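One structure below.
Letters go in sequence order (proteins before strands), and every chain restarts at 1. Computed from a predicted model, the values in this text were never measured in an experiment.
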Protein chains: 2
Amino acid sequence: MDEHAPADHPTKTRIKPGQYVIISLRRMIAEGRLKPGERIGEVATAEALGVSRMPVRTALRTLETEGLVVRLGARGYAARAITASEIHGAIEVRGVLEGLAAHRLARRGLTASEEREFRTCLSQGEAIFADGAFGNGALDLFYTYNLAFHALLVDASGNPSIGAALTRNNQLPFASAAALALDWSDRPSEYEHLLSAHRDHCNVVDAIARRDDDAAERLMREHAWAAVRGEKVFERISASRPAG
Amino acid sequence: MDEHAPADHPTKTRIKPGQYVIISLRRMIAEGRLKPGERIGEVATAEALGVSRMPVRTALRTLETEGLVVRLGARGYAARAITASEIHGAIEVRGVLEGLAAHRLARRGLTASEEREFRTCLSQGEAIFADGAFGNGALDLFYTYNLAFHALLVDASGNPSIGAALTRNNQLPFASAAALALDWSDRPSEYEHLLSAHRDHCNVVDAIARRDDDAAERLMREHAWAAVRGEKVFERISASRPAG
DNA sequence: AGTTCAATTTATGGATCCAATGTCAAGAGT
DNA sequence: ACTCTTGACATTGGATCCATAAATTGAACT
């Protein structure tokens, strides 16, 4: 995992500077440390992160395509205001895309190996909650399991455009499926949220197995909102964001 | 196009190397001069285009986000092989995304100005077919009208993630809504296809107006296949080059 | 003869340097 | 006093150079 210390690392870092700059800027924007409309200069960011201008330049172009920053003409870039409505919309888009994946899978049926993969994945999730206890290790386990389930669903759907669209869509904070265990990581008491997410997974696989495509799609659409059930997330968003 | 060192050229015909590389690579891929799966090296492309490696690097990253090239690990990039199955999938994705936009609009209802915009747009489409004759000018008119309708739908939905995801998705040939009038442009006899597409638009707007969200979504999903109705397109695809 | 390990080569990623462009400010003229 | 013009500065975009990592090929050993 990445440490969230910007300039704390010594000169030798195992993570590549390019990825480091991208995830740093993402965190800064998501946490509101870069306020909306605030200008982001290449040189300033490069010096602040202790890297050269080059990874900053590429990172800003990447973040521009992802919509997290906007260009200010020849005046550099600026952090874009991320509203709760936009996160709401991104979750909605993820719902229909993963819903389409579930629909396709239910419609064409699972092969024997695919069904085995799904059952193996679900059993791994089951093992996490079978322990009853829920330490930090279990949270990491759930993070991996959750990502594996969603990746398996999208991958098995046989439509690469779904995965491509999801990759772009998931760059907004709280929009990705990883937000389930990632953004709640400071609250170990959210046991029920993660358990209900696991139950959602089981229900989706059951619907796929019995070839109920509409049910599978509907379940998957509703499951997209698992990360923000409890709606406290949006309070955190609107708190970190001034006026847009 | 070619610059002969004009001292004070009034128009900004100065082509920047970055844009030049991007449009050159797009043309090469579209025209098949870069065959699918063919490896694209930075140095080779830079020397071929007479620029440095830097604009090629940024251009390849941009084209990667657009989905036209894929990474070959640390072995550079490759022109993406576009199969008929991928186009099928991209159309499917466009269907669910625009279906989501229609669903949202029907659920929250149209404002007076939005309804007026939709009616104005539809009447423009109606005017094209009211003439009966269908020359090349009418084809251009339909192209503009079709794009305007889809843009209006996505824009009015109030979910910017839908438009962002569609922008990426529409990079594949025949996946965009523009493919309706663009890729059929050599067949003026396809009058019925375009007319049925216009009827689809009208039906979607009617469903939205009567607040039938499920019908609006379903109609919009089915409408995504309007460009490939008749399935001759896929034969042209499997003939390895769509447009020339 | 096949497989594995190591070394070399090649290509991408990063850093620094240079050029071009746009903006801001200050001064002068009307 | 206001506006226009010009010059200086800051910032992005491009090019070249260097390091690192991966792949391929060759040789040696089993």
Note to self: Tell me whether the side-chain N or O atoms of B:Arg57 pair up with the base of C:dG14 as donor and acceptor below 3.5 Å, since no angle test is needed here.
What the structure shows: yes
Next item on the list: Go through the N and O atoms of the side chain of A:Arg53 and the base of D:dG13, and report whether any donor-acceptor pair is under 3.5 Å.
Entry: yes
Extract from the structure each pairing of a protein N or O with an N or O of nucleotides 7-11 of chain D at less than 3.5 Å, listing the distance.
unit_1	atom_1	unit_2	atom_2	d
D:dT11	O5'	A:Arg39	NH2	3.4

Check: Who are the salt bridge (Lys or Arg N to Asp or Glu O under 4.0 Å) partners of B:Arg116, not counting sequence neighbours?
Finding: none
Quick one: [X] [atom1] to [N] [atom2], roughly how many Å, whole number?
{"X": "B:Tyr77", "N": "C:dT12", "atom1": "OH", "atom2": "P", "value": "9 Å"}
{"X": "B:Arg61", "N": "C:dG14", "atom1": "CZ", "atom2": "P", "value": "7 Å"}
{"X": "B:Leu72", "N": "D:dA23", "atom1": "CG", "atom2": "C1'", "value": "13 Å"}
{"X": "B:Met54", "N": "C:dT12", "atom1": "CE", "atom2": "P", "value": "13 Å"}
{"X": "B:Glu47", "N": "D:dT16", "atom1": "CD", "atom2": "P", "value": "11 Å"}

Next item on the list: Using ring pair (Phe, Tyr, Trp, His ring centres under 6.0 Å) as the criterion, list what pairs up with A:Tyr145, not counting sequence neighbours.
Entry: A:Phe142, A:His198, A:His201
Next item on the list: Please collect all side chain to side chain donor-acceptor pair (under 3.5 Å) contacts where either partner lies in residues 57-73 of chain B, sequence neighbours excluded, each pair once.
Entry: B:Arg26-B:Glu66
Next item on the list: Give every residue pair that meets the side chain to side chain donor-acceptor pair (under 3.5 Å) criterion with at least one member in residues 45-56 of chain B, sequence neighbours excluded.
Entry: B:Glu42-B:Arg53
Notebook entry, point to check: Would a distance-only check, ignoring hydrogens and angles, find a side-chain to backbone donor-acceptor pair under 3.5 Å from B:Glu31 to B:Met28?
Noted result: no
Check: Which residue pairs pass the salt bridge (Lys or Arg N to Asp or Glu O under 4.0 Å) test with at least one member in residues 72-94 of chain A, sequence neighbours excluded?
Finding: A:Arg80-A:Glu86, A:Glu92-B:Arg104, A:Arg94-A:Glu98
Next item on the list: Assign A:Gly73 to base, sugar-phosphate, or nothing according to its heavy-atom contacts below 4.0 angstrom with the strands shown.
Entry: nothing
Next item on the list: Indicate, with a heavy-atom threshold strictly under 4.0 Å, whether A:Arg71 touches base, sugar-phosphate, or nothing.
Entry: sugar-phosphate
